[in-house]
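For reference, the structure discussed in these notes is given below.
In each ligand, atom 1 is the first atom listed, and ligand 1 is the first ligand listed. We use all heavy atoms of the structure for the numbers below, so side chains are in, but hydrogens, waters and symmetry mates are not.
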Amino acid sequence: MNTVMKSFKDTLSSGKNILILTGSGISAESGVPTFRGAGGFWRTYQATYLATPQAFKANPSLVWEFYEYRRDLASKVQPNKAHEAISNFEKKLTSQGKKVTVVTQNVDGLHQRAGTKNIYELHGSLFKTQCTKCDNVEVNHNVPICPALARASLPEQDDTSEIPVEDLPHCQKNSCGGLLRPHIVWFGENLDEDLLNKTEECVENCDVCLIIGTSSIVYPAAMFAPRVAERGITVAEFNLEETAATKSFQYHFQGPCTVTVTEALDI
Ligand code: BV8
Ligand code: ZN
């Protein structure tokens with residue numbers, strides 16, 4: 001093991017309150033495209049357009065096709081060694097009376113399927129819906145979520161969808177009948193206040209921080225790890241390449257996170 005990794009692991013071994021921040025890069029080796037990679041959603045399908053309240057208002061069927069495609073994909077892939085390493089690390093440290101918190105930007109649910117318990121999904125979940133009329137939020141793992149979306153595929157460049165709005169998922173709570181939307185934070189939407197407060201508390205109290213598989217471009221998620229570093233706390237970045245935030249961190253471990261994270265958490 002190289003001396004830099006050894007020195008990080010020594011620091012990690014004395015940590016009692018570990019914050020682990022993750023982005024889409026941690027799910028890449030499971031087969032979930034990242035937002036900026038070659039097959040990324042954004043480059044090809046303008047997710048920055050589709051992941052907005054404006055797009056949903058203008059064309060709810062197109063946005064639902066985009067999300068059903070991702071629900072189908074996420075339900076078919078498996079957590080990878082990096083997700084598993086984090087889950088095993090949490091179990092081990094918790095048994096020693098220490099605390100591990102995962103704060104993820106991901107909406108694919110792979111951390112939870114790998115067994116992670118203490119997790120905040122900053123940007124929501126592909127497997128939760130919220131009602132546009134009564135705001136009811138529900139877990140929904142049905143794939144397809146409704147018959148009309150059974151053949152959802154990534155929408156082509158032309159922004160059309162033949163699915164009539166009445167065939168999209170609607171609220172079953174009481175007799176509401178409101179149109180459902182994915183329980184996802186879209187661009188231009190605020191994050192959940194309670195989740196933000198809990199994340200801020202971790203940022204202020206953690207004694208070691210890992211930031212894994214994120215380009216640190218999207219705010220406010222991108223500001224947490226630099227805030228930890230400003231407190232003089234050790235932050236280690238795990239990424240295939242340097243990012244916008246690398247210069248703020250004490251450690252940068254380059255490579256696929258199934259290798260680097262697995263090694264780092266094996267303490
Ligand atoms: C907000 C859910 C207050 C959706 C997501 C103009 C108008 C309005 C807002 C803004 C504006 N300009 C800027 C903003 C703020 C905006 C923002 O940050 N925009 C960006 C584009 C600059 N933020 C917001 O709008 C947020 N809300 O600010 O509210 C407000 C309100 C009104 C007006 C102003 C402000 C809400 C942001 C949440 C958006 N929702 N997700 C969905 O999933 O469909 S964001 C989504 O993209 C992800 O959740 C994630 O956060 C982000 C993608 O980033 P990454 O996860 O980092 O993925 P990426 O592909 O970029 O990078 C992958 C990394 O992994 C790479 O570095 C790669 O090298 C690495 N990697 C790849 N493979 C591996 C690997 N590393 C290791 N191993 C590997 N194998
Ligand atoms: Zn409702």
Side-chain angles (χ1 to χ4, degrees), residues 21-56 63-64 66-71 73-74 80-83 85 103-109 121-126 128-138 169-193 195-196 210-225 237-246 252-262 264:
L21 300 160
T22 67
S24 67
I26 198 169
S27 297
E29 291 168 85
S30 293
V32 181
T34 65
F35 287 80
R36 280 170 187 72
F41 292 119
W42 285 6
R43 177 168 302 163
T44 327
Y45 294 95
Q46 292 308 311
T48 34
Y49 164 65
L50 291 170
T52 63
Q54 293 80 1
F56 186 74
V63 173
W64 261 116
F66 176 55
Y67 282 96
E68 182 58 28
Y69 165 80
R70 291 172 63 191
R71 295 174 83 256
L73 180 77
N80 61 52
K81 286 192 176 66
H83 296 109
V103 176
T104 189
Q105 299 169 72
N106 299 342
V107 294
D108 59 30
E121 292 178 305
L122 279 183
H123 295 157
S125 168
L126 289 170
K128 285 181 183 169
T129 58
Q130 75 187 61
C131 177
T132 57
K133 201 167 152 194
C134 72
D135 289 334
N136 179 48
V137 174
E138 279 192 3
H170 282 75
C171 185
Q172 310 287 326
K173 192 163 169 134
N174 308 329
S175 53
C176 171
L179 175 63
L180 295 183
R181 58 167 274 183
H183 181 59
I184 292 246
V185 180
W186 284 329
F187 288 99
E189 294 189 320
N190 290 311
L191 277 67
D192 176 275
E193 202 59 40
L195 280 184
L196 274 178
L210 293 82
I211 178 165
I212 304 166
T214 178
S215 58
S216 289
I217 287 173
V218 171
Y219 282 81
M223 72 181 182
F224 297 129
E237 181 181 50
F238 298 80
N239 202 303
L240 289 180
E241 58 193 15
E242 299 216 338
T243 68
T246 302
H252 172 82
F253 295 108
Q254 192 128 326
C257 56
T258 49
V259 174
T260 56
V261 169
T262 309

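Considering CD of Glu121 and NZ of Lys128, their distance stands at 5.5 Å, rounded to 0.5 Å. Here CZ of Phe66 is found 5.5 Å from CG of Leu50. Values are rounded to the nearest 0.5 Å. Interatomic distance, SG of Cys257 versus CD1 of Ile26, reported as 5.0 Å (0.5 Å rounding). Note: Arg70 CZ to Ile184 CD1 = 6.0 Å, rounded to the nearest 0.5 Å.
Ligand-side atoms of ligand 1 in range of Gly23: 56 (O), range being under 4.0 angstrom from any heavy atom. For ligand 1, the atoms sitting less than 4.0 Å from at least one non-hydrogen atom of Glu241 are 69 (O), numbered in the order shown with element in parentheses. Numbered from 1 in the order shown, with element, the atoms of ligand 1 that lie under 4.0 Å from a heavy atom of Glu29 read 78 (N), 79 (C), 80 (N). Of all the atoms in ligand 1, the ones that sit under 4.0 Å from a non-hydrogen atom of Ala28 are 73 (N). Every atom of ligand 1 with a heavy atom of Tyr67 under 4.0 Å away is listed here by number and element: 4 (C), 42 (C), 44 (O). In summary, the atoms of ligand 1 found under 4.0 Å from a heavy atom of Thr214, numbered by their order in the structure, are 55 (P), 57 (O), 64 (C), 65 (O), 67 (O). Heavy-atom proximity to Gly255, at under 4.0 Å, picks out these atoms of ligand 1: 77 (C), 78 (N). Residue Ile184 has at least one heavy-atom neighbour below 4.0 Å for each of these atoms of ligand 1: 2 (C), 4 (C).
For Thr132 (side chain) and Leu179 (main-chain N/O), a donor-acceptor pair under 3.5 Å exists by modelled atom type. In this structure a side-chain-to-backbone donor-acceptor pair under 3.5 Å is missing from Asp108 to Ala74. In this structure, Gln254 contributes its side chain and Leu240 its backbone to a donor-acceptor pair below 3.5 Å.
Residues Leu122 and Val185 approach most closely at O-CG2, 3.6 Å, considering heavy atoms. Scanning all heavy atoms of the two residues, the minimum distance from Asn106 to Ser24 falls at OD1-N, 2.9 Å. Gly178 approaches Cys131 most closely through the heavy-atom pair CA-SG, 3.9 Å.
Contact analysis puts Pro256 in contact with ligand 1, with a non-hydrogen atom separation below 4.0 angstrom. Within the 4.0 Å heavy-atom shell around ligand 1 one does not find Pro182.
An N or O contact shorter than 3.5 Å is missing between Val107 and ligand 1 by distance. Of the N or O atoms in Trp186, none lie within a sub-3.5 Å distance of an N or O in ligand 1. At least one N or O atom of Tyr219, backbone or side chain, sits closer than 3.5 Å to an N or O atom of ligand 1. The N/O atoms of Asn239, backbone and side chain alike, include one that comes under 3.5 Å of an N/O atom in ligand 1. For ligand 1, the polar-atom distance check finds an N/O of Cys257 within less than 3.5 Å of one of the ligand's N/O atoms.
Nearest-residue assignment for atom 32 (C) of ligand 1 (options Gly213, Gly25, Gly188; heavy-atom criterion): Gly188. Of the options Gln254, Glu121, Arg70, the smallest heavy-atom separation from atom 42 (C) of ligand 1 is shown by Arg70.
In Glu189, the part holding a heavy atom less than 4.0 Å from any atom of ligand 1 is the backbone. Contacts of Gln105 with ligand 1, taken as heavy-atom pairs under 4.0 Å, involve both backbone and side chain. Within the 4.0 Å heavy-atom criterion, both parts of Val218, backbone and side chain, lie near ligand 1.
Thr22 and Gln105 share no donor-acceptor pair across their side chains, judged by distance under 3.5 Å alone. When only modelled atom types and interatomic distance are considered, Ser30 and Ser27 share no side-chain donor-acceptor pair under 3.5 Å.
Residues Glu189 and Arg181 are paired through a salt bridge, judged by an N-O separation under 4.0 Å between the basic side chain and the carboxylate.
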Query - Steps toward side chain to side chain donor-acceptor pair (under 3.5 Å) verdict (Glu138, Thr129) - result: CA-CA 5 Å; Glu138 279 192 3; Thr129 58; 5.2 Å; no
Report task. Mind running side-chain contact (heavy atoms from CB on, under 4.5 Å) on Phe187 and Tyr49 for me, showing each step along the way? Result -> CA-CA 8 Å; Phe187 288 99; Tyr49 164 65; over 6 Å; no
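Tally of protein N, O or S atoms closer to the Zn ion (ligand 2) than 2.8 Å: 4.
Gln172 CD: 12 or fewer foreign heavy atoms inside a 6.0 Å radius.
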